[in-house]
Amino acid sequence: MPRYWLFKSEADCYSIDDLAKSPKQTTFWDGVRNYQARNYLRDDVKVGDGVFLYHSGCDPLAIAGTMEVVRAAYPDETAFNKQEQHYDPKSRRDDPTWYMVDVRLKQKFQPVVTRDMLKDASELAKMVVLQKGSRLSIMPVTDAEWRAVLKLAGVKSG
DNA sequence: GCCAACGTTGGC
DNA sequence: GCCAACGTTGGC
């Protein structure tokens with residue numbers, strides 16, 4: 001059984017349209033530099049899992065669509081490169097600290113499911129992304145939440 | 001190992 | 001732009 005996740009991205013930095021324009025509509029999800037999020041990525045995110053792409057830091061705040069995990073965790077190369085914004089001198093090639101996965105665009109929501117819509121849905125009251133102070137960039141989503149959001153998006157399956 | 005200070009995130 | 005929440009750092 002696949003599990004479900006929510007990946008957060010600043011839309012100015014990387015949006016669902018950027019993903020749609022990528023070769024094979026696939027990208028590597030790099031730059032996660034938080035241990036709890038890293039643990040999810042490294043240990044729990046598997047090929048075939050469903051992922052919501054959430055746009056933060058923009059208007060509207062919204063789930064923009066769904067993605068599918070197409071490659072499980074492997075070392076995040078950007079951590080080894082001094083030129084990279086997310087360079088981390090403590091991560092070593094023989095013992096990487098940070099990991100990334102590959103995701104492929106599955107479905108772009110039209111229109112997007114806004115944060116306000118999520119907040120109005122009683123089934124989503126406990127959704128992690130809606131909790132105060134919730135800053136993780138990788139968060140788990142329950143089966144019921146996954147279905148409820150798809151319903152709000154007006155689509156039948158992820 | 002504690003905790004204050006600091007930096008960052010992100011909703012509003 | 002503000003500020004609350006959170007994670008990390010570093011002195012002790």
Side-chain angles (χ1 to χ4, degrees), chain A residues 3-22 27-45 49-67 69 73-103 105-142 144-154 158:
Chain A
R3 296 174 69 171
Y4 300 107
W5 306 95
L6 181 146
F7 289 6
K8 201 158 52 179
S9 177
E10 291 192 41
D12 293 345
C13 181
Y14 192 86
S15 75
I16 198 163
D17 290 322
D18 295 317
L19 176 58
K21 281 181 283 191
S22 298
T27 191
F28 48 92
W29 205 264
D30 65 311
V32 173
R33 296 292 181 270
N34 167 284
Y35 284 100
Q36 194 178 342
R38 188 281 309 270
N39 291 346
Y40 283 137
L41 267 190
R42 187 190 57 188
D43 304 333
D44 298 323
V45 177
D49 283 1
V51 181
F52 288 133
L53 174 51
Y54 178 84
H55 286 169
S56 68
C58 64
D59 188 25
L61 296 165
I63 294 177
T66 62
M67 310 185 288
V69 178
Y74 60 106
D76 183 344
E77 286 286 323
T78 67
F80 307 132
N81 185 348
K82 277 187 183 149
Q83 315 300 330
E84 291 284 346
Q85 184 188 352
H86 297 291
Y87 170 64
D88 180 1
K90 293 195 293 295
S91 184
R92 297 175 315 168
R93 283 181 189 280
D94 58 354
D95 185 19
T97 307
W98 306 114
Y99 288 79
M100 58 188 180
V101 300
D102 288 356
V103 285
L105 178 64
K106 201 161 184 188
Q107 192 157 37
K108 185 177 162 178
F109 290 163
Q110 288 174 324
V112 298
V113 177
T114 65
R115 186 178 178 88
D116 287 342
M117 292 168 67
L118 299 176
K119 283 194 290 194
D120 285 344
S122 57
E123 311 99 293
L124 300 176
K126 292 184 178 169
M127 198 173 185
V128 182
V129 74
L130 297 181
Q131 307 310 310
K132 192 175 183 184
S134 176
R135 303 196 314 185
L136 278 182
S137 58
I138 308 287
M139 315 180 187
V141 171
T142 67
E145 289 163 353
W146 180 264
R147 288 193 303 270
V149 173
L150 291 181
K151 203 169 86 183
L152 290 176

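In what follows, chains are A, B, ... by sequence order, proteins preceding strands, each numbered from 1.
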Self-check item: Intermediate values then yes/no, side chain to side chain contact (heavy atoms under 4.5 Å, CB included), A:F109 and A:L152
Solution: CA-CA 10 Å; A:F109 290 163; A:L152 290 176; over 6 Å; no
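- Scanning residues 110-121 of chain A for heavy-atom distances under 4.0 Å to DNA chain B yields A:R115, A:K119.
- Nucleotide C:dT9 holds its C1' atom 14 Å from the CG atom of A:D88, rounded to whole Å.
- The distance between atom CG of A:D59 and atom C1' of B:dC12, rounded to the nearest whole Å, is 11 Å.
- Between A:H86 atom NE2 and B:dG7 atom P there is a gap of 19 Å when expressed in whole angstrom units.
- The aromatic rings of A:Y4 and A:W146 sit parallel to each other, their planes meeting at less than 30°, with 60° as the upper class boundary.
- Applying the 4.0 Å criterion to OP1 and OP2 of C:dC6, one finds that A:Y35 has every side-chain N and O outside that range.
- Under a 4.0 Å N-O distance rule, the pair A:D76/A:R38 does not qualify as a salt bridge.
- Residues of residues 125-138 of chain A that place a heavy atom closer than 4.0 Å to DNA chain C, in numerical order, are A:K132, A:G133, A:R135.
- Applying the ring pair (Phe, Tyr, Trp, His ring centres under 6.0 Å) criterion to A:Y40, with sequence neighbours excluded, gives A:W5.
- Distances were taken from every side-chain heavy atom of A:N34 (C-beta onward) to each of B:dG10, B:dG11, C:dG7; the shortest belongs to C:dG7.
- Taking atom CE of residue A:M139 and atom C1' of nucleotide B:dG11, one finds them 12 Å apart after rounding to whole Å.
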Practice problem: Walk me through it: do A:R33 and A:T78 pass the test side chain to side chain donor-acceptor pair (under 3.5 Å)? | Solution: CA-CA 11 Å; A:R33 296 292 181 270; A:T78 67; 3.1 Å; yes
Quiz item: Given A:I138 and A:W29, is the side chain to side chain contact (heavy atoms under 4.5 Å, CB included) satisfied, shown in steps?
Solution: CA-CA 10 Å; A:I138 308 287; A:W29 205 264; 4.2 Å; yes
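- The separation between A:K8 atom NZ and B:dT8 atom C1' is 12 Å, rounded to whole Å.
- The side chain to side chain contact (heavy atoms under 4.5 Å, CB included) with A:L6 is formed by just one residue from the set A:L53, A:I63, A:V51; it is A:I63.
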